[in-house]
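These notes concern the structure reproduced below.
These values consider heavy atoms only, across backbone and side chains, with no hydrogens, waters or symmetry-generated copies. As the structure is a computational prediction, the values presented were derived from the model and not from experiment. Labels below follow one simple rule: chain letters A, B, ... track the order of the sequence lines, proteins then strands, and each chain is numbered from 1.
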Amino acid sequence: MGTFQFDSLVGFEIKKMLLNKITATMFVLIMGFLFGFTMLRYLVLSPEDRFASAKEIEINGRVLDDELIGEIVKSAKDAGGLSSITPDSQYYYVARYLNKAVGNSFSNDDLGELSEESFYKARADFLESMYDSFGLSEEEKKYWEEKESGVNKPFVWETNFGVSSMRANYMAIMALVAIILAGGLAGTFAAERYYRTEDLIISTKAGKREIALAKILAGELFSVIVSLLILISVQLPHVIFNGFDGLKASCQIIIPNTSHEFSAGTLLLILTGVYILGAMLVGAAAMLFSCVTKNIIASAGVVCFAVVLDLFLSVPGKYRVLSQIRYLTPIQVLNNASMTDPRLVSVGNVFLTSYQVAWIGYTLLIMLFMAGTYRHYVRPVTRRL
Amino acid sequence: MELKIDRITKQYKNKIAVDRLSFTLGKGVTGLLGANGAGKTTLMRMICGILVPTSGDITYDGASVSEERYRDVLGYLPQDFGYYPEFSGRDFLMYFSALKGLDKKAARARTEELLGVVGLSDVASKKIKTYSGGMKQRLGIAQALINRPEVLILDEPTAGLDPKERVRFRNLIEEIGKNSIVLLSTHIVSDIEHIADKVIMMRSGEIIWQGPWGEEDGSLEDFYLKEFGEEN
């Protein structure tokens, strides 16, 4: 196999994808809508819902210890409760954070008991109850307890409008990207049958092998480019208005009930990686269906159906394996709920978190799907077409 | 320069589409005549390496049709010529230049040359979906010629061409046949009567007659009608 015009072949395959008017229109509309809608949210929301106030910024970098918690409690008592502190207070967001971190367990009557010790104790109790609600085994609990012991406490407070807003977007845009990729890549192989160009292209010097590789590479590049452009369109307004506010905060400031030891910035990088791999996985699946069915509508339909199913299907937690698999799909694993799924996957003696499973599992599945597509495409044709 | 078809058979379940065909082609134009369903397209798809025969071998100067070095010298125009409607004529030929291994500079030069040869220079930038049937067919012929093929397989190439285009096309094929192996299938006898050095007639997957055809042999059309009278 030569590499003589391989870059040109990949370029032409991407051109075919971009010339699909339905996909191109859908892509532009979704990108424009996401950017416009996010910008609009910033423009119509009141300032306290958009930015950290100058007062709030003053407490940035302060440790969530007895001194700061004492100040928050005092402010809460004056206001009538943690959730009653008004936006003009410098403690508005940190108070809401405290409340969320302990599962809203401090009522107004308990405020006097809120201290550094009781806060971290309540958080530990909340983690324990969460482990039980997810049905974790003793080994899994031990894993998280060891992780938790590595988390620096007391936490350091940072305002985090930018990073928190960015983190919340991944799940929704993954669903939209999956729909765009279903439309854009369903024709990768099937369109050659539809346009009756298959015989023409496979009888050229490039042959099936080089064409298959060019198509697969083009499809994966298309997946990465589409997912990145959609991500940028929705994250750019947050960066414009809030910069990278909260990037250096610990992960616990963004997701209170997690024991991951990394920073909020690292969390965003991990989510971005999972998101891009998820898009590549959807792209690889769409191409596999396209190659096997040689039917554009069927290929796009299967992927779109899977997206809808993933968004609305509910699997009770008692069916642990099924519900855990469902949580590991490209959309669900980016869930922006306040807590992350603590259920682990055991590989030999090693436990993997959902993000680790996504990184490794998606990479393996992408390779598997690509290999399946390649093998199916290059097989000799012995039957009537 | 020798394309050897050796006892080639293609069977689909209980139907034999091509039945133990053997012949050898050298430089020149060979006309493949036969009614619809005679097995011409199946034979051509096997010669192009698209379809795997049930049995038998096809080789070009010792190379199997599945090899890159064979595809490198092959030009093919299928009966049902497909195209990308949103591509321009120029894009289409540039794409096939890439598929046929031409570098970008050579691809540009060859594309412009062929657009001129088939009379599409004026509409080269327009989308193929706006082309007439004859223009599309001429584009198909151009793509088959991009790599200056040593083996040119043309399946019903004159379909959709008007009489003037048909004459121009015949002259082009005759010229190419001087240095290449050209196999041209048709059920229109006049397409090959004046340019074919050799004629192969097929019926029900079998060769019923093959040999050179010259003016001294009389009217090919009469002979063809005699052989296929009941089918045409």
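- For B:Met1, the CE atom sits in a packed shell: over 12 heavy atoms of surrounding residues, nucleotides or ligands are nearer than 6.0 Å.
- Distance check, rounded to the nearest 0.5 Å: CD1 of B:Ile128 to OH of A:Tyr195 gives 11.0 Å.
- With sequence neighbours left out, the side chain to side chain donor-acceptor pair (under 3.5 Å) criterion links A:Tyr170 to A:Thr272.
- Atom CG of A:Leu40 has more than 12 heavy atoms from other residues, nucleotides or ligands within 6.0 Å.
- Note: A:Phe12 and B:Phe87 have tilted aromatic rings, judged against thresholds of 30 and 60 degrees for the angle between ring planes.
- At distances below 3.5 Å, not a single donor-acceptor pair connects side-chain atoms of A:Arg196 with backbone N or O atoms of B:Gly82.
- Taking CD1 of A:Ile201 as the reference point, atom CG of B:Leu99 lies at 6.5 Å (rounded to 0.5 Å).
- For the pair B:Pro78 and A:Leu200, the minimum side-chain heavy-atom distance is below 4.5 Å.
- More than 12 heavy-atom neighbours from other residues, nucleotides or ligands sit within 6.0 angstrom of NZ on B:Lys129.
- With a 6.0 Å radius and a threshold of 12 heavy atoms from other residues, nucleotides or ligands, B:Arg69 has its CZ atom above the threshold.
- Around atom NZ of B:Lys4, no more than 12 heavy atoms belonging to other residues, nucleotides or ligands sit under 6.0 Å away.
- For B:Gln143, the part lying under 4.5 angstrom from a heavy atom of chain A is the side chain only.
- To the nearest 0.5 Å, atoms NZ (A:Lys205) and OH (B:Tyr70) are separated by 15.5 Å.
- For chain A, no part of B:Met46 is nearby; none of its heavy atoms comes within less than 4.5 Å.
- Remark: side-chain polar atoms of B:Arg71 are not paired, donor with acceptor, to backbone N or O of A:Ser203 under 3.5 angstrom.
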Query - CA sep, side-chain torsions, deciding dist, call: A:Lys16, B:Glu86, side chain to side chain contact (heavy atoms under 4.5 Å, CB included) - result: CA-CA 8 Å; A:Lys16 287 183 204 171; B:Glu86 299 295 330; over 6 Å; no
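- Rounding to the nearest 0.5 Å places OG1 of A:Thr204 at 10.0 Å from CG of B:Asp72.
- Between B:Lys104 and A:Gln5 there is a side-chain heavy-atom pair separated by less than 4.5 Å.
- Side-chain contact between A:Lys15 and B:Asp91: present, with at least one pair of heavy atoms (C-beta onward) separated by less than 4.5 Å.
- Among B:Leu74, B:Ile153, B:Asp103, B:Val65, the residue making the largest number of heavy-atom pairs under 4.5 Å with chain A is B:Asp103.
- Two residues are said to be in side-chain contact when any heavy atoms from C-beta on lie closer than 4.5 Å; B:Arg45 and A:Asp199 meet this criterion.
- In plain terms, the two heavy atoms of A:Thr197 and B:Tyr83 that are nearest each other are CG2-N, 3.4 Å.
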